[in-house]
Amino acid sequence: MNRLWVQLTLAFSLVVLVAVGAIAFLINRATGAEFRQYITHSGMQAAGSGIQQLVEYYQQQGNWEGVEKLLAGGVYVAEPLGIGRPMMGIAERRLDILLADAGGRVVFDSTHQAEGRRLRSGEKSRALKVTIPDSGQVIGYLLLSFPDPAARLGVLEQAFLNRVRRVLFIGAGLAVGLALVVGAFLSHSLTAPLQRLASAARSVGKGHLDHQVKVEGSAEMAEVGQAFNEMIAALKDAELQRKNLMADIAHELRTPLTVLQGNLQAILDGVYALDRAEISHLYDETRLLSRLVDDLRELALADAGQLQLNLRPTDVAQVILSTLDTLALAAEAQQVTLTSQIADDLPPVQADPDRVAQVLRNLLVNALRHTPPGGLVTAQARPAGDAVEITIADTGEGIAPEDLPHVFERFWRADPSRARADRFADSTGLGLSIAQSLVEAHGGRIWVESTPGKGAVFGFTLPLAPPPSYAST
């Protein structure tokens with residue numbers, strides 16, 4: 001009973017049942033009323049001689065005063081005896097009489113209930129017009145009715161109405177039965193894609209990420225199927241990235257751990273002396289491990305949207321100059337020139353200065369790593385609409401076009417065979433990924449442009465600080 005296709009079938013059948021029942025009821029009611037009206041009109045037509053007397057009376061009197069004397073005897077109509085009665089010829093039934101003048105005011109009512117009032121619109125539409133034959137002038141309205149509505153119909157007429165009702169009930173039953181069959185078929189057709197989708201979801205829950213569903217059915221069902229397939233593709237990609245990330249983390253951790261274990265084993269075996277230089281080397285490896293763990297933690301916080309930022313109006317020019325000063329010695333040792341080009345009218349940005357310095361340091365370290373001796377690294381800052389645009393440009397070997405989409409991926413290297421010695425001692429391979437997460441956490445964007453052989457340009461934006469608000473005095 002809790003199945004969707006059963007509920008849809010019952011709902012569809014209920015709607016059809018109510019609709020057919022209402023239609024059958026209205027048709028039955030209207031048929032009975034219209035048929036009785038037809039019988040009444042037939043009786044009124046049979047009283048044609050009485051209508052002629054009314055016309056003659058009006059022509060003689062010029063009005064309807066005293067007409068009750070003419071109609072006091074009543075009007076009778078002939079009725080053929082129907083089935084179930086002895087076939088004895090003709091019976092007569094008396095009719096109630098309602099006569100109104102040309103204006104619709106009742107001048108005679110055999111039941112003495114409506115004299116003096118005006119005919120209602122329904123009564124007027126059913127009444128016979130009393131007209132003068134030569135001129136066609138309407139001089140009144142005559143309405144004849146049976147005293148007992150149930151007695152209007154003879155056996156034949158009642159049998160006809162019974163047959164009509166029986167046909168209506170049979171038709172309604174057939175319609176409801178057909179609605180059940182069609183509703184069950186349509187409901188099952190509508191819910192079949194959902195059942196297949198549920199089966200696919202259970203399969204995915206068991207780890208089968210290659211499962212795809214057929215995009216079919218209505219536009220909405222096809223959209224759900226398409227969204228499901230896209231979700232599976234995203235999960236498959238995320239799972240692949242997770243596996244690659246775990247493999248990269250294991251690789252990155254293995255290198256310093258291997259160095260530590262090897263050197264410590266050599267010291268224990270007496271191969272290396274336990275001197276200050278060896279201890280310093282081991283300490284550097286522990287620093288790299290600590291930096292890697294910290295970077296991974298920051299990326300995890302960024303992925304969870306839990307990076308803590310101390311946002312405040314910040315002079316980004318001062319942050320750039322301070323960061324350049326901290327890397328000046330490293331650049332000098334590598335024989336690379338560090339320069340800055342900062343616009344004079346640079347507005348303050350809404351940012352965490354420590355995090356901005358971290359982004360700048362990661363980008364500058366990356367630029368120094370890929371810039372040969374005698375090269376140039378330039379930090380630029382300028383207003384850009386409702387933000388400040390900062391770029392770090394170098395004169396290194398550049399980045400191949402096919403590698404540009406992967407630059408900000410974690411642990412990614414254009415040349416996987418490059419040794420750790422080719423990079424800065426404290427590099428973990430996560431600097432650009434962290435820079436991207438920090439910039440996006442500020443509400444900015446980060447990008448890279450490069451032409452092989454002509455260096456690379458890393459840029460990012462930071463939103464402007466809101467204008468200061470002044471308290472009213």
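Side-chain atoms are counted along with the backbone in the values below, which use heavy atoms only and exclude waters and symmetry mates.
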**Item:** Residues, nucleotides or ligands: over 12 heavy atoms within 6.0 Å of D345 CG
**Value:** yes

**Prompt:** So do the side chains of T378 and S340 get within less than 4.5 Å of each other, counting heavy atoms only?
**Reply:** no

**Asked** Has the side chain of D394 got a donor or acceptor atom that lies under 3.5 Å from a matching backbone atom of A456?
**Response** yes

**Item:** R361 side chain reached by V359 side chain, heavy atoms, under 4.5 Å
**Value:** no

**Request:** List the steps, then state whether side chain to side chain contact (heavy atoms under 4.5 Å, CB included) holds for R445 with E440.
**Result:** CA-CA 6 Å; R445 66 183 186 91; E440 291 177 352; over 6 Å; no

**Request:** Begin with the C-alpha distance, continue with both residues' side-chain angles, and end with the deciding distance and a verdict on side chain to side chain contact (heavy atoms under 4.5 Å, CB included) for I267 and L282.
**Result:** CA-CA 11 Å; I267 292 174; L282 294 177; 4.2 Å; yes

**Request:** For the residue pair P372 and Q335, establish whether any side-chain heavy-atom pair is separated by less than 4.5 Å.
**Result:** no

**Message:** Quiz question: by atom type and distance under 3.5 Å, do the side chains of Q358 and R355 form a donor-acceptor pair?
**Reply:** yes

**Request:** State, yes or no, whether a side-chain contact exists between T461 and I390 at a heavy-atom distance under 4.5 Å.
**Result:** no

**Asked** For E397, does its backbone N or O pair with a side-chain atom of H370 as donor and acceptor, under 3.5 Å?
**Response** no

**Asked** For T286, does its backbone N or O pair with a side-chain atom of S290 as donor and acceptor, under 3.5 Å?
**Response** no

**Prompt:** Below 4.5 Å, heavy atoms only, C-beta onward: do I446 and F458 meet side chain to side chain?
**Reply:** no

**Asked** Counting N and O atoms only, with roles assigned by atom type, does the side chain of T395 sit under 3.5 Å from a partner on the main chain of L376, one being a donor and the other an acceptor?
**Response** yes

**Asked** Are the side chain of Q334 and the backbone of L368 linked by a donor-acceptor contact shorter than 3.5 Å?
**Response** yes

**Request:** Not counting sequence neighbours, which residues clear side-chain hydrogen bond (donor to acceptor under 3.5 Å, both in side chains) with Q380? List them please.
**Result:** Q341, T391

**Prompt:** Looking only at heavy atoms, which two atoms of L324 and L338 are closest? And how far apart?
**Reply:** O-CD1, 3.9 Å

**Prompt:** Do L142 and L98 have side-chain heavy atoms sitting under 4.5 Å apart?
**Reply:** no

**Prompt:** So among V336, L360, V365, which one has a side chain to side chain contact (heavy atoms under 4.5 Å, CB included) with L327?
**Reply:** V365

**Message:** For P452 versus I399, what's the shortest heavy-atom pair and its separation?
**Reply:** CG-O, 3.6 Å

**Message:** Other residues, nucleotides and ligands only: do more than 12 of their heavy atoms fall within 6.0 Å of CG on D386?
**Reply:** no

**Message:** Tell me whether E402 at atom CD has more than 12 heavy atoms from other residues, nucleotides or ligands lying less than 6.0 Å away.
**Reply:** yes

**Prompt:** So, D352 side chain and L309 main chain: donor-acceptor pair closer than 3.5 Å or not?
**Reply:** no

**Item:** Donor-acceptor pair, side chain of S450 and main chain of G398, under 3.5 angstrom
**Value:** no

**Request:** Among residues two or more places apart or on two chains, list those pairs meeting side-chain hydrogen bond (donor to acceptor under 3.5 Å, both in side chains) that have a residue in residues 317-333.
**Result:** Q318-S322

**Prompt:** Would you say the side-chain atoms of D269 and Q265 include a donor-acceptor pair closer than 3.5 Å?
**Reply:** yes

**Message:** Applying side chain to side chain contact (heavy atoms under 4.5 Å, CB included) to V439 and V356, what does each step give before you reach the verdict?
**Reply:** CA-CA 8 Å; V439 170; V356 173; over 6 Å; no

**Prompt:** Which heavy-atom pair separates A351 from T314 by the least distance, and what is that distance?
**Reply:** O-OG1, 3.0 Å

**Asked** Between A102 and V138, what is the shortest heavy-atom contact and its length?
**Response** CB-O, 3.5 Å

**Item:** Gap separating the CZ atom of R105 from the CZ atom of R118, nearest 0.5 angstrom
**Value:** 7.5 Å

**Fill in**
What one should report as the nearest heavy-atom pair of Q350 and P313 is OE1-N, 3.5 Å

**Message:** Less than 4.5 Å apart, side chain to side chain, heavy atoms only: is that true for V377 and T339?
**Reply:** no

**Request:** Give, for atom CG of D101 and atom OH of Y141, the distance between the pair rounded to the nearest 0.5 Å.
**Result:** 9.5 Å

**Closest non-hydrogen atom pair, L464 against A387** = CG-N, 3.6 Å

